[in-house]
Amino acid sequence: MRPIVLFLALLFGSALAASAQSREEIVLTGGPALRYLEHGKAASHDVYWFNFVDASVIRLKELKDQAKPDDLVTWVVYRAGYASRSRELEMNLLPQIEAKAKQLGVNLVWFDTKEELIRYLNKGLDRDKTKISNFDYFGHSNKACFLFDYSNTVDTMSVTFLHVRDLKKIERDDFASHAQCKSWGCHSGEMYSAWWKSHFDIPMTGAIGKTDFSHGGEPVLSNADGKWTQ
Amino acid sequence: MSRTSFFHLGVLGFLAAFLLLPLRAEEAEATYTPPAGSAPPVAPPVRKGSPLDHLANDIKLATPTVGYKEGHTSAPEYWVAHRFVDDMGGSGWGWVKKKGDSWGSAKWVALQENPGTATAPYRKLLTHDADNNWEFKFWGSFAPYKAYDPHLDEMVPVFVLEGYEVVGPKDSLTLRAGPSDRVRHKPSGASSRSNRPILTDPGVD
């Protein structure tokens, strides 16, 4: 075999092997604030307990509709936030989330800590075989942090979060090289997107300014000068 | 699979990738249009007698009532707590020290409240800063975790409140508000907003 033919065969063979990998599309959903801790504030968050859940469901349905038969669509949800809001509401929200996941036909993964989330991203599936090809985040955030817990344990603060400094704990090759990533939370485009790109070498779309979940559906930019950026 | 078949598959893969890559780029550049939203459900009525009902409907006081107790306050060991509103706009509550220790050993804390048992004393007041520079006895313990303050991008020790007693107003302490590692000479660059008052827009959603 001539060297050029051997080279092409190896090159295209590798491409075929890569295309044979399965893909996982992930939607990550943070928890709501407690009404007790938000009471009386001018900007009182999460009057509706499923604002992030409903937005996630819309996105999950889009992903499910677009997915190939072998693609895995996974919904990763911060359980502790919904458990605590359930106690306040005196209505168990967890079975409702499980029912939504079942109805959508997606894999539901609960987490209570940052470590559990990172463990799932790194080792939940064999990342040599199954790369993350899509990542969406719905939840509270500032420009440096995804706040899975916000005003739910401590007023106006977070005890479970993923700071930009935590990104290095997530393996770079968990993601496919052309993965589509987006944070629907506030301010992510002002810092988080740049750190994401720097660590994973893939862009993450994020908002300049705030996003608004209060209208139902997927969130929209709420600042007049707001925009999406990478 | 023969060498020839393998080569043909490779060529097909190359052609497929060549044809599909531009499509992926176009998709990435397209603007996503969200579907029209519908109004979220209305929250159920607040149950009479629930912590939220008390918070929303009880008459508020101008200042704390000296000697007032809330929650579990029978244990002999307690902490001494000095309320101070952070002039940097952080969400910490104030300082806490062990009974008998000096204020030099005090820690700046975030308060983890227990609605239904004991909540921050200012919940009973007209404004959240009406107990500024008041002293309290606190019953509770430090949590094994810290809280992240998204306004100032800093970590604050958490005191889990189980009960309190109002001691009274005190002179301002000669301590700097905030955790011991707070950056003082310049903003951290990571907070979502600068020095925003706590009860307006917290810069997150």
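Atom set for the values below is all heavy atoms of this structure, side chains included, hydrogens, waters and symmetry mates excluded. Each chain gets a letter, A, B and so on, in the order its sequence line appears, and its residues count up from 1.
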[X] portion near chain A, given a 4.5 angstrom heavy-atom threshold:
| X | value |
| --- | --- |
| B/Val46 | neither |
| B/Ala143 | neither |
| B/Leu52 | both |

Quiz prompt | Exceeds 12 heavy-atom contacts within 6.0 angstrom, atom NZ of B/Lys60 | solution =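 It does: B/Lys60 NZ has more than 12 such atoms within range.
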Quiz item: Is it the case that more than 12 heavy atoms not belonging to A/Lys61 sit under 6.0 Å from its NZ atom?
Solution: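 12 or below, so no.
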Quiz item: Heavy-atom distance under 4.5 Å to chain B: side chain of A/Arg87, backbone, both or neither?
Solution: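 Contact with chain B involves no heavy atom of A/Arg87 at all.
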Exercise. Go through the atoms of A/Leu37 and report whether side chain, backbone, both or neither lie under 4.5 Å from a heavy atom of chain B.
Key: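 Both parts, backbone and side chain.
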Self-check item: Max heavy-atom pair count under 4.5 Å with chain B, selected residue of A/Ala33, A/Ser158, A/Ser222, A/Pro203
Solution: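 Top count of heavy-atom pairs under 4.5 Å with chain B: A/Ser158.
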Quiz item: With chain A, which of B/Glu113, B/Arg47, B/Lys146 has the greatest number of heavy-atom pairs at distances under 4.5 Å?
Solution: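 The answer is B/Arg47.
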If I take atom [atom1] from residue [X] and atom [atom2] from residue [Y], how far apart are they, to the nearest 0.5 angstrom?
| X | Y | atom1 | atom2 | result |
| --- | --- | --- | --- | --- |
| A/Glu90 | B/Ser50 | CD | OG | 6.5 Å |
| A/Leu162 | B/Tyr148 | CG | OH | 11.0 Å |
| A/Cys145 | B/Asp153 | SG | CG | 7.5 Å |
| B/Asn114 | A/Tyr36 | CG | OH | 10.0 Å |
| A/Met157 | B/Met155 | CE | CE | 9.5 Å |

Quiz item: If we only count heavy atoms from C-beta on, is the B/His151 to A/Asn142 side-chain gap below 4.5 Å?
Solution: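 They are not in side-chain contact.
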Practice problem: Would you name the heavy atoms of A/Val154 and B/Val158 that are closest together and state the gap between them? | Solution: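 Looks like CG2-CG1, 4.2 Å.
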Quiz item: Should B/Arg123 and A/Asp155 count as an ion pair when the cut-off is N to O under 4.0 Å?
Solution: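 A/Asp155 and B/Arg123: salt-bridged.
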